[in-house]
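Remember, it's 1-based here, ligands and their atoms both numbered in the order they're listed. Counting from 1, the numbers follow the sequence of the chain as shown.
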Amino acid sequence: MSLLPRIASIKPGEKFDTIIIGLGPAAYSAALYAGRYMLKSLVIGETPGGQLTEAGEVDDYLGLIGIQASEMIKLFNKHIEKYSIPVLMDTVVGFTRQGDEYVVKTKRKGEFRAETLIIAIGTKRRKLNVPGENEFTGRGVSYCSVCDAPLFKNRVVAVVGGGNSALEGAEILSRYATKVYLIHRRDQFRAQPYYVKLVKEKQNVEFVLNSVVREIKGDKLVKGVVVENLKTGEKREIPINGIFIEIGFEPPTDFARVNGIETDENGYIKIDEWGRTNLPGVFAAGDCTGTWLGFRQIITAAAQGAVAAHSAFTYLNQKRGNSGVS
Ligand code: NAP
């Protein structure tokens, strides 16, 4: 099984029933359902698996017990391949409405047309915006514990955040690093209690709570982190070799604004319970939407992808005057 999906052999300008924008779990699931509804579909995305590429073992997707994320991505590819859904590895720059169809513009492969769109573009990582962060990115500053943990064998590291990513990251890092500092701005965690318990049991993890990062220091590589305790105002520098910033994700506000899609008060794409956006025939699914904010799971993204594909099918039927499958 391959980590890469079947690459589309399609011509620029070709028209589809639906174009699915994105390549994470929501997009794969939308593609699967679009395939089962026999919609002529195209998936356009950058990284097969999306944020899932940054996960290690997945044990919260029903039926796939303790599966590696990379294996899961291969299964997703295999599943949409069964329905011959083509995938184009490209970046969608934007789309415009022309008559009753949408013209989707990509960075490299030209334009494609569709009567419906399913947007499943996920989110992008939030930054700390402190001195040293940009300077040392790739030189000790990382945004993916799962990907980079093995590089810090026998080193001292810090993880910033109090959600599932940070706690899962601290747990993985504790297997490689000699010492892990978990820096969190509060003393309560957003993460699932399961992760908190797991990390608390680790002898080499020290919790630095009610604290924020003020600066990341180093010369060629990261050497330390300046942390301020918000309760006492005390500042101290902790010597480290690496720092993992796991403080969540930002909404796709720019993509939405450029393409005229309404967002909610947090900047996520606004959808109703059927995945409908404010634009006719445009649906959205997964982390880029405001639905279930704070509870982002592979299984919830997959559910939303399925709903969006169902809605695209229903929309096309209504538009074409069909009442269903004949
Ligand atoms: P998250 O749940 O949004 O948590 C972000 C954490 O970073 C919070 O603890 C937050 O602090 C902290 N934070 C945010 N901005 C900060 C800043 N500027 N400075 C310092 N700290 C800051 O993000 P996440 O942990 O990346 O998870 C994202 C989504 O993916 C969640 O829905 C999560 O459930 C999901 N996920 C699930 C799994 C799993 O189920 N196995 C694994 C990973 C991620 P406060 O708590 O004070 O706000």
Discussion item. Salt bridge (Lys or Arg N to Asp or Glu O under 4.0 Å), that's the test. Do Glu133 and Lys127 meet it? Break it down for me.
Written reply: CA-CA 8 Å; Glu133 183 178 13; Lys127 289 189 149 202; 5.4 Å; no
Practice prompt. Distance to 0.1 Å, residue and atom name: give those for the protein heavy atom nearest to atom 24 (P) of ligand 1.
Written response: Ser165 OG, 3.2 Å
Worksheet entry | Non-hydrogen atom of Gln188 closer than 4.0 Å to ligand 1 | no
Discussion item. Heavy-atom distances under 4.0 Å decide this one: backbone, side chain, both or neither, for Leu128 against ligand 1?
Written reply: side chain
Discussion item. Less than 4.0 angstrom from a charged side-chain N to a carboxylate O is my criterion; do Asp17 and Arg113 meet it?
Written reply: no
Worksheet item: What atoms of ligand 1 come within less than 4.0 Å of a heavy atom belonging to Gln297?
Response: 34 (O), 37 (C), 40 (O)
Worksheet item: Counting from 1, what ligand 1 atoms have a heavy atom of Gln192 closer than 4.0 Å?
Response: 40 (O)
Worksheet item: Of all the atoms in ligand 1, which lie at a distance below 4.0 Å from a heavy atom belonging to Glu168?
Response: 42 (C), 43 (C)
Worksheet item: What's the shortest distance from atom 9 (O) of ligand 1 to any protein heavy atom, and which residue and atom give it?
Response: Gly162 N, 3.0 Å
Item to complete: Heavy-atom contacts with Gly294 under 4.0 Å: which atoms of ligand 1 show up? List them by number with element.
Response: 32 (O)
Item to complete: State which residue, out of Val92, Ile44, Thr91, fulfils the side-chain contact (heavy atoms from CB on, under 4.5 Å) condition with Lys107.
Response: Thr91
Worksheet entry | Cationic N near anionic O, under 4.0 Å, Arg125 to Glu246 | yes
Item to complete: State whether the number of non-hydrogen atoms from other residues, nucleotides or ligands found under 6.0 Å of Glu273 atom CD is greater than 12.
Response: yes
Item to complete: For atom 14 (C) of ligand 1, grab the closest protein heavy atom and report residue, atom and distance to one decimal in Å.
Response: Ile247 O, 3.3 Å
Worksheet item: Do NZ/NE/NH1/NH2 and the carboxylate oxygens of Arg320 and Glu115 come within less than 4.0 Å?
Response: yes
Worksheet item: Which of parallel (below 30°), tilted (30 to 60°) and perpendicular (above 60°) describes Tyr28 and Phe76?
Response: tilted
Worksheet item: Looking only at protein heavy atoms, which one is nearest to atom 2 (O) of ligand 1, and how far off is it?
Response: Arg190 CD, 3.8 Å
Discussion item. Within the 4.0 Å heavy-atom shell around Phe295, which atoms of ligand 1 are there?
Written reply: 32 (O)
Fill in: Phe249: numbered ligand 1 atoms lying under 4.0 Å from its heavy atoms
26 (O), 28 (C)
Discussion item. Any salt bridge linking Arg175 with Glu171? Criterion: basic side-chain nitrogen under 4.0 Å from a carboxylate oxygen.
Written reply: yes
Worksheet item: Do Gln304 and Thr289 have side-chain atoms, one donor and one acceptor, less than 3.5 Å apart?
Response: yes
Worksheet item: Can you check whether Ala166 has an N/O within less than 3.5 Å of an N/O in ligand 1?
Response: no
Worksheet item: What protein heavy atom sits nearest atom 23 (O) of ligand 1, and how far away is it?
Response: Gly248 CA, 3.2 Å
Worksheet item: How far is atom 39 (C) of ligand 1 from its nearest protein heavy atom, and which residue and atom is that?
Response: Asp60 OD2, 3.5 Å
Fill in: Salt-bridge present (Lys78, Glu81; N to O < 4.0 Å)
no
Worksheet item: Between Phe95 and Tyr102, how do the two ring planes meet: parallel, tilted or perpendicular, split at 30° and 60°?
Response: perpendicular
Item to complete: Measure the distance from atom 11 (O) of ligand 1 to every protein heavy atom, then report the residue, atom name and distance (to 0.1 Å) of the closest one.
Response: Arg185 NE, 3.1 Å
Discussion item. Under a 3.5 Å cutoff, is there a donor and acceptor pairing between the side chains of Tyr33 and His310?
Written reply: no
Worksheet item: Among Phe189, Tyr143, Tyr195, which residue places a heavy atom closest to atom 41 (N) of ligand 1?
Response: Tyr195
Discussion item. With nothing but distance in play, are any N or O atoms of Asn164 less than 3.5 Å from an N or O of ligand 1?
Written reply: yes
Discussion item. Is there a polar contact between ligand 1 and Arg186, counting only N or O atoms under 3.5 Å apart?
Written reply: yes
Fill in: Residues Asp264, Lys270: salt bridge by 4.0 Å N-O rule
no
Worksheet item: Which atoms of ligand 1 have any heavy atom of Arg126 under 4.0 Å away?
Response: 14 (C), 15 (N)
Practice prompt. Determine, using heavy atoms of Val212 and all atoms of ligand 1, whether some pair is separated by less than 4.0 Å.
Written response: no
Response to the item:
For atom 32 (O) of ligand 1, the closest protein heavy atom turns out to be Arg296 N, 2.8 Å
Discussion item. Has Arg36 got a side-chain atom pairing as donor or acceptor with Leu32's backbone, closer than 3.5 angstrom?
Written reply: no
Worksheet entry | Part of Asp287 within contact of ligand 1 (heavy atoms, under 4.0 Å) | neither
